[in-house]
Number of protein chains: 2
Amino acid sequence: MEGKDCREIFKKNSIKTTKQRELVFGVLTDSDVPLTVEEIYVILMEQEKNMSLSTIYRILDVFVSKNLVQKSNITDNKAVYEVIGIGHKHHIICISCGKIIALDHCPIKEYEIALENETKFEIISHKLVFFGYCPDCKKK
Amino acid sequence: MEGKDCREIFKKNSIKTTKQRELVFGVLTDSDVPLTVEEIYVILMEQEKNMSLSTIYRILDVFVSKNLVQKSNITDNKAVYEVIGIGHKHHIICISCGKIIALDHCPIKEYEIALENETKFEIISHKLVFFGYCPDCKKK
DNA sequence: GTTGCAAATGCGAATAGTTTGCATTTGACA
DNA sequence: TGTCAAATGCAAACTATTCGCATTTGCAAC
């Protein structure tokens, strides 16, 4: 991801541009899977772009609050982060190897309306996660 | 929940009956909302049935492993637990007051099959959570 | 009933992910 | 280029959960 692209997106969302924010945003846009804070940290380390863990947490909080990034608590412990393209994402996680795949399609938009009528809640968002065995682990 | 009922369920699932397990199971069956470990602990304290937090965690792990109880990591931090009736549960959580409602109906059984074909995963289970404003908080 | 033993409990300490306080640095704008 | 609020780095704090180990308890065999 080019620095310039970042700057425009940041400006549009009134996020101050910093070296660290560009790097974190770059890592996320370059990844085709959601990443944990730890993974982002390691990727940056490997690129010799060391950065404090707490800085990564704070940067991600900003991105999430500006709706540039989606935070998902899929497993019990670590949260994963990914850039939001057009809409929100759902996930499949392999319960054998831990691989996480993001899904773009959302099958429950219609159901939400029925549920609003039924429960009288005003529904704002939802999370959907599937658990199973990925093609590789299925074979074993 | 009567002690006797517990004993039978426990026996059927080869769970050794203990005073603590009966109490925890009783609290869960008496509750119409999913509970955190902390909440279970407090409810028991109020009944002057003090019990170690780690014991509650261990008991719940057993129940979950025997499929008597469902553990859900809905919010970022604390897990909630509830007895499983006929099938798995989904939830709506109020983002204003934190109230959690369990839903029995599952709208995505059919979608799972389509998803298996599409992704070549073998899907075992899923979690679905809705976020929004409950009837009470909606008014404000 | 009594006894024996594996399994369960209680307690405190350890763990792990995340957050926070504060001193230092940095980026945007005048 | 200088200024200052905002961002960063570091270490310490926090919180939910797990673990080790000494003690207790429930079940089964006698």
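First the proteins, then the strands, lettered A, B, ... as listed; each starts at 1. All values reported here derive from a predicted model rather than from experimental measurement.
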Quiz item: Would you say the side-chain atoms of A/Ser31 pair up with the backbone N or O of A/Leu28, donor to acceptor, closer than 3.5 Å?
Solution: no
Practice problem: Tell me what B/Arg58 touches on the nucleic acid: a base, only sugar-phosphate, or nothing, going by heavy atoms under 4.0 Å. | Solution: base
Quiz item: To the nearest Å, how far apart are A/Ile15 CD1 and C/dG27 C1'?
Solution: 15 Å
Quiz item: Hey, does the side chain of B/Gln20 come within less than 4.0 Å of D/dT24's phosphate (OP1/OP2), counting only N and O?
Solution: no
Quiz item: Closest nucleotide of DNA chain D for A/Lys19 versus for B/Lys11: which of these residues is on the 5' side?
Solution: A/Lys19
Quiz prompt | For atom CG of A/Asp76 and atom P of C/dG17, their distance in whole Å | solution = 12 Å
Quiz item: Can you find a side chain N or O atom of A/Tyr57 that sits less than 4.0 Å from OP1 or OP2 on C/dT19?
Solution: no
Exercise. Would you mind reading off the distance between B/Ile74 atom CD1 and D/dA16 atom C1', rounded to a whole angstrom?
Key: 16 Å
Exercise. Return no unless some side-chain N or O of A/Thr55 is found under 4.0 Å from OP1 or OP2 of D/dA7.
Key: no
Practice problem: Show which residues join B/Ile123 in its hydrophobic cluster (side-chain heavy-atom contacts under 4.5 Å, direct or indirect), or state none. | Solution: A/Ile92, A/Ile101, A/Leu103, A/Ile108, A/Tyr111, A/Leu115, A/Phe121, A/Ile123, A/Leu128, A/Phe130, B/Ile92, B/Ile101, B/Leu103, B/Ile108, B/Tyr111, B/Leu115, B/Phe121, B/Leu128, B/Phe130
Quiz item: Just wondering, are more than 12 heavy atoms of other shown residues or ligands nearer than 6.0 Å to NZ in A/Lys138?
Solution: yes
Quiz item: Which of these nucleotides, C/dT18, C/dA8, D/dG26, is closest to any side-chain atom of B/Arg21?
Solution: C/dA8
Quiz prompt | Spacing between B/Asn77 atom CG and C/dT15 atom P, to the nearest angstrom | solution = 23 Å
Exercise. Calculate the interatomic distance between A/Glu38 atom CD and C/dT15 atom P; express it in whole Å.
Key: 16 Å
Practice problem: Round to a whole Å and report the spacing from CG of B/Leu23 to P of D/dT25. | Solution: 14 Å
Quiz prompt | Worked verdict on B/Lys71 versus B/Leu60 for side chain to side chain contact (heavy atoms under 4.5 Å, CB included) | solution = CA-CA 8 Å; B/Lys71 173 183 182 181; B/Leu60 290 169; over 6 Å; no
Quiz item: Is any N or O donor-acceptor pair between the side chain of B/Thr17 and the base of D/dC27 shorter than 3.5 Å?
Solution: no
Quiz item: Does the side chain of B/Lys16 get closer than 4.0 angstrom to OP1 or OP2 of D/dC27 through an N or O atom?
Solution: no
Quiz item: Heavy atoms under 4.0 Å, any strand shown: does B/Leu53 hit a base, just sugar-phosphate, or nothing?
Solution: nothing
Quiz item: Atom CZ of B/Arg7 to atom C1' of D/dT25: distance rounded to whole Å?
Solution: 12 Å
Quiz item: Rounded to whole angstroms, how far apart are OH on A/Tyr41 and C1' on D/dG9?
Solution: 11 Å
Practice problem: Give the cluster check for A/Phe25 versus A/Ile84: same hydrophobic cluster or not, with ILVMFWY residues linked at side-chain heavy-atom distances below 4.5 Å. | Solution: no
Quiz item: Any side-chain N or O of B/Ser54 less than 4.0 Å from the OP1 or OP2 oxygen of C/dT9?
Solution: no
